[in-house]
Amino acid sequence: MLGACHMLGDANDADRPASARPFPRADRPVAPIVSTRWSTEEARDRVNEAEDIMDRAGIKPGMTVADIGAGEGYYTVRLAKRVGPTGRVLAEDIMPETIDALGRRINREDWKNVSVKLGTVDDPKLPADSFDRVMMVHMYHEISEPYAFLWHLFPALKKDGEIIVVDADRPTDQHGTPPRLLACEFAAVGYRLEQMIPKPTAGGYMARFRKIAARPNPASIVACAMR
């Protein structure tokens, strides 16, 4: 059963970033980051994962796309090829060593339409009104501050932009996100679920979200919980 849990910052929030404390704490486990890759690139290409997801997400030449939690860059370089020289890809991650390694890959493979960005656990630090698509692939369950993160991400989407989430349908502490919980957390920050597509070849499902309302005041956000 999915319920609501209204939890505001308090004296017990010392373990949270100061910028996240105005937002409710996630009332669910958070999966640890255990690897920068979900599977090997070769295995993922054998089932046509990236091409299928990009097709479903409507990724086209000339678009500007953010790859959140980019890791080793599996989607980053394939997005860069898809959007072409007139498009742009921004690859974001919260681990400095991962961003450094990805930057070296981008330079080595000479992807001139890609840039990298170091974000934080509660803010991807993306430029406003910039992205046609924001990709969040096999990483949402690792976001420890989902309400703050989605709130800070909100302005980065263009008017008709979409957030694309790919994850597994299992509990968050088992490296997945139940679809109803995902939809609830996004709705709490002003997004609407447009489509949920089963994608077993990508490890679970693909969800498409759009923003439909103004960002709420952080203090008014009601946390979601699976009960």
Side-chain angles (χ1 to χ4, degrees), residues 1-36 66-71 90-100 116-128 131 134-157 163 165-193 207 209 211-227:
M1 178 179 176
L2 190 66
C5 180
H6 195 79
M7 297 182 299
L8 300 180
D10 56 30
N12 296 322
D13 279 350
D15 61 326
R16 305 174 69 199
S19 54
R21 293 174 195 169
F23 298 86
R25 186 190 292 267
D27 188 28
R28 57 167 170 81
V30 177
I33 300 174
V34 296
S35 175
T36 57
D67 183 14
I68 305 296
L90 189 152
E92 184 267 6
D93 208 283
I94 65 171
M95 302 172 66
E97 62 273 22
T98 298
I99 283 294
D100 290 345
V116 298
K117 180 77 173 180
L118 181 65
T120 65
V121 297
D122 65 312
D123 187 351
K125 298 187 179 296
L126 303 185
F131 297 97
V134 173
M135 308 292 291
M136 303 171 70
V137 181
H138 297 301
M139 57 76 63
Y140 186 82
H141 52 268
E142 297 173 350
I143 298 176
S144 60
E145 297 288 350
Y147 304 104
F149 192 93
L150 293 174
W151 193 89
H152 286 118
L153 177 60
F154 199 98
L157 277 179
I163 298 177
V165 178
V166 177
D167 214 339
D169 183 3
R170 54 177 179 253
T172 52
D173 58 356
Q174 297 177 28
H175 293 273
T177 309
R180 290 179 62 211
L181 177 63
L182 180 77
C184 182
E185 291 187 346
F186 269 78
V189 190
Y191 301 90
R192 180 178 63 203
L193 175 64
F209 292 91
K211 55 185 183 181
I212 61 166
R215 283 192 301 180
N217 185 298
S220 72
I221 295 174
V222 178
C224 306
M226 295 297 291
R227 303 190 188 283

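Numbering starts at 1 and runs along the sequence shown.
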Requested in this report: Run the numbers on V134 and F209 for side-chain contact (heavy atoms from CB on, under 4.5 Å), then give the verdict.
Outcome: CA-CA 10 Å; V134 173; F209 292 91; over 6 Å; no
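In terms of modelled atom types and a separation under 3.5 Å, the side chain of W151 and the main chain of F23 share no donor-acceptor contact. Remark: the backbone N or O of L157 is paired with a side-chain donor or acceptor of K211 at under 3.5 angstrom. Put simply, the side chain of T172 gets close to the backbone of P29: a donor and an acceptor are under 3.5 Å apart. Between the side chain of R28 and the backbone N or O of A225, no donor-acceptor pair lies under 3.5 Å. Checking side-chain atoms of H141 against main-chain N and O of P171 turns up no donor-acceptor pair under 3.5 Å.
In this structure, M139 CE and D67 CG are separated by 9.0 Å, a value rounded to the nearest 0.5 Å. The CG atom of L118 lies 8.5 Å from the CD1 atom of I94; values are rounded to the nearest 0.5 Å.
Across all non-hydrogen atoms, the minimal contact from G71 to D93 is N-OD2, 3.0 Å. The nearest pair of heavy atoms linking D167 to H138 is CA-ND1, 4.3 Å. Shortest non-hydrogen contact noted between A18 and P22 is O-CD, 3.6 Å. The shortest non-hydrogen separation linking H152 to P124 is CB-CD, 4.2 Å. For the pair P216 and I221, the tightest heavy-atom approach, listed with the atom from each and the gap, is CG-CG1, 3.7 Å.
With contacts defined as side-chain heavy-atom distances shorter than 4.5 Å, the pair P17/V121 qualifies. Residues P24 and V222 fail the side-chain proximity criterion, which asks for heavy atoms closer than 4.5 Å. Taking the side chain as every heavy atom from C-beta outward, M136 and V166 never approach each other to under 4.5 Å. Using a 4.5 Å cut-off on side-chain heavy atoms (C-beta onward), V116 and L90 make no contact. Contact annotation: the side chain of V30 never approaches that of I143 to less than 4.5 Å [non-hydrogen atoms, C-beta and beyond].
K125 and E92 are not joined by a salt bridge, as no carboxylate oxygen comes within less than 4.0 angstrom of a charged side-chain nitrogen. Look at R25 and D15 and you find a salt bridge, because one of the NZ, NE, NH1 or NH2 atoms lies within 4.0 Å of a carboxylate O, short of that distance.
Results of the ring-ring contact (aromatic ring centres under 6.0 Å, His included) test with F186 over Y191, F154, Y147, F149 single out Y191 as the only residue that passes.
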